[in-house]
Amino acid sequence: MPNTATPETWRVKTVEHIRPSTRDQRQQWIEEAGFNLFTLPSDRVFIDLLTDSGTGAMSDRQWAAIMSGDESYAGSTSFHALHEVVQDLFGLEYLLPVHQGRAAENALFSVLVHEDQLVPANSHFDTTRAHIEFRKAAAVDCLSSGAYDVTDTNPFKGNMNLDMLRDILQESHARVPFILLTITCNTTGGQPVSLANIAAVKALADRYHKPLVVDAARFAENAWFIQQREPGYRDTSLRDITRQMLGMADAMVMSAKKDGLVNIGGFLATRHREWFDQATEYVILFEGFRTYGGLAGRDLAALAVGLEEVISADYLASRIGQVQRFGQRLIDAGVPIQQPVGGHAVLVDASRFLPEVPREEYVAQTLAVELYLEAGVRGVEIGTLLNGRDPESGEERFAETEWLRLAIPRRVYSNDHLEYVAQALIDLYHRRSEIRAGVRIVEEKPVLRHFTVRLERKTE
Ligand code: F0G
């Protein structure tokens with residue numbers, strides 16, 4: 001298990017003020033925001049756990065790289081520095097930088113995904129699914145049933161369900177353009193995928209002559225879990241594990257806003273010249289020339305340094321240790337959360353936390369609002385509000401589990417900050433029986449309603 005005693009392996013050089021507020025202020029602000037945390041201005045938030053994406057703190061070395069970024073339109077030396085790091089770390093020869101993860105998905109899927117196809121994955125992130133469905137193809141999640149069971153403590157809860165994958169390949173292999181693995185699995189809270197599982201997926205892919213694509217947004221966190229949890233890897237370096245993981249991939253899509261340790265950026269890397277050539281056309285059309293892909297030279301430079309920093313054992317022990325410690329504090333107090341605790345987030349099971357609130361009243365959103373009112377902490381609902389309605393019937397698509405996600409930005413908050421959040425959640429848990437009414441929709445849009453929805457509090 002992780003060494004939860006490792007303190008932060010960074011010290012503070014620049015500080016950013018964050019503003020505490022009173023409950024009365026927050027009551028007014030959340031009403032103004034229509035009880036939607038996405039519409040809340042960030043200076044009305046004390047501790048922001050909305051996402052770990054693009055919200056991390058860069059190091060002094062990265063800021064120094066920013067100053068020396070080469071802004072040449074073509075053939076920037078910052079591109080070459082990044083290319084070297086990507087080749088060395090992942091062993092993938094061809095690199096296309098893009099502005100963020102979904103742009104890498106767009107470029108690669110423009111080449112690989114066509115109407116009526118079917119893409120199996122352990123789990124597709126929302127944008128990945130959307131880019132597949134946008135091309136009138138289907139995205140099929142193949143997780144084990146235990147992945148959503150908060151009490152199932154399988155150490156590799158992000159693993160592909162091999163039986164499901166085998167069935168899909170047997171029945172529909174002609175429709176499958178490639179197999180996708182998301183490491184770690186964001187949907188279930190940053191749950192890792194084991195090397196054994198990646199190898200088994202690769203063997204199935206080979207048997208059916210299918211390529212393997214990895215969504216590597218949190219590859220370093222996945223490597224760390226393999227080193228700590230998978231038998232036989234304790235003495236294998238994180239770099240070697242990364243090489244082994246990506247060594248089985250034909251291509252990777254990367255949102256560098258996570259384990260790239262940068263605020264913006266992404267890339268597509270592949271070992272296939274043909275895919276690279278075809279994707280390059282899309283990148284030039286939609287992102288920019290192939291050596292910058294919608295980023296500034298300085299962004300490429302900072303990313304090259306970030307990828308080197310993220311794979312450090314010290315960094316990962318303290319990063320994941322921080323998330324584990326936070327989760328353990330909640331577990332010890334009886335708060336129902338996804339277990340084992342994942343790499344980048346704690347997922348609170350809102351239906352168990354607030355059993356009196358009916359699911360029709362958006363129980364995870366209710367908990368998100370309550371936590372904001374309690375302590376000025378912003379999390380995000382991953383449940384029915386996010387799922388939206390069935391486009392045909394207009395019926396609510398009730399979520400399998402109503403999660404409140406508390407995602408932890410990298411190198412931003414101290415353990416004291418997270419202790420404050422844990423205490424607020426525990427206080428709320430102790431008086432949970434007082435919270436019996438949820439929220440009701442006043443105004444909603446047909447697509448991606450959670451971003452703009454306006455809600456009101458129900459009264460009992
Ligand atoms: N893949 C995974 C696994 C992700 O978690 C994300 C983003 C993306 C792709 C898309 O990358 O945002 O750079 O375009 N996840 C963020 C989150 C938004 O909050 O979990 P992007």
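In each ligand, atom 1 is the first atom listed, and ligand 1 is the first ligand listed. By convention here, the first residue in the shown sequence is residue 1.
Below 30°, between 30° and 60°, or above 60°: for His417 and Tyr413 the angle between ring planes is above 60°, a perpendicular geometry.
Residue Val213 forms a side chain to side chain contact (heavy atoms under 4.5 Å, CB included) with just one option from Leu180, Val119, Thr182, Leu268, and that option is Leu180. With respect to Phe219, the side chain to side chain contact (heavy atoms under 4.5 Å, CB included) criterion is satisfied by exactly one of Leu89, Leu238, Val214: Leu89.
Remark: minimum distance from atom 10 (C) of ligand 1 to any protein heavy atom is reached at Thr127 OG1, 3.5 Å. Remark: minimum distance from atom 7 (C) of ligand 1 to any protein heavy atom is reached at Lys258 NZ, 2.5 Å. Closest to atom 9 (C) of ligand 1, if we only count protein heavy atoms, is Glu105 OE2, 3.4 Å.
Here atom 21 (P) of ligand 1 lies nearest to Gln100 when heavy atoms of His131, His124, Gln100 are compared. By heavy-atom distance, the residue among Leu50, Val380, Asn186 lying nearest atom 20 (O) of ligand 1 is Asn186.
Near Thr51, meaning under 4.0 Å from any of its heavy atoms, are these atoms of ligand 1: 17 (C), 19 (O). Numbered from 1 in the order shown, with element, the atoms of ligand 1 that lie under 4.0 Å from a heavy atom of Thr182 read 3 (C).
For Ser21 and Arg26, the side-chain atoms include at least one donor-acceptor pair closer than 3.5 Å. Between the side chains of Gln338 and Asp349, not a single donor N or O lies within less than 3.5 Å of an accepting N or O.
Contact annotation: for Arg102 versus ligand 1, heavy atoms closer than 4.0 Å belong to both the backbone and the side chain. Counting heavy atoms closer than 4.0 Å to ligand 1, residue His344 contributes nothing at all.
At under 3.5 Å, a nitrogen or oxygen of Arg218, whether backbone or side chain, sits near a nitrogen or oxygen of ligand 1.
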Next item on the list: Determine, stepwise, if the pair Glu93 / Arg271 fulfils salt bridge (Lys or Arg N to Asp or Glu O under 4.0 Å).
Entry: CA-CA 5 Å; Glu93 193 177 343; Arg271 58 182 86 253; over 6 Å; no

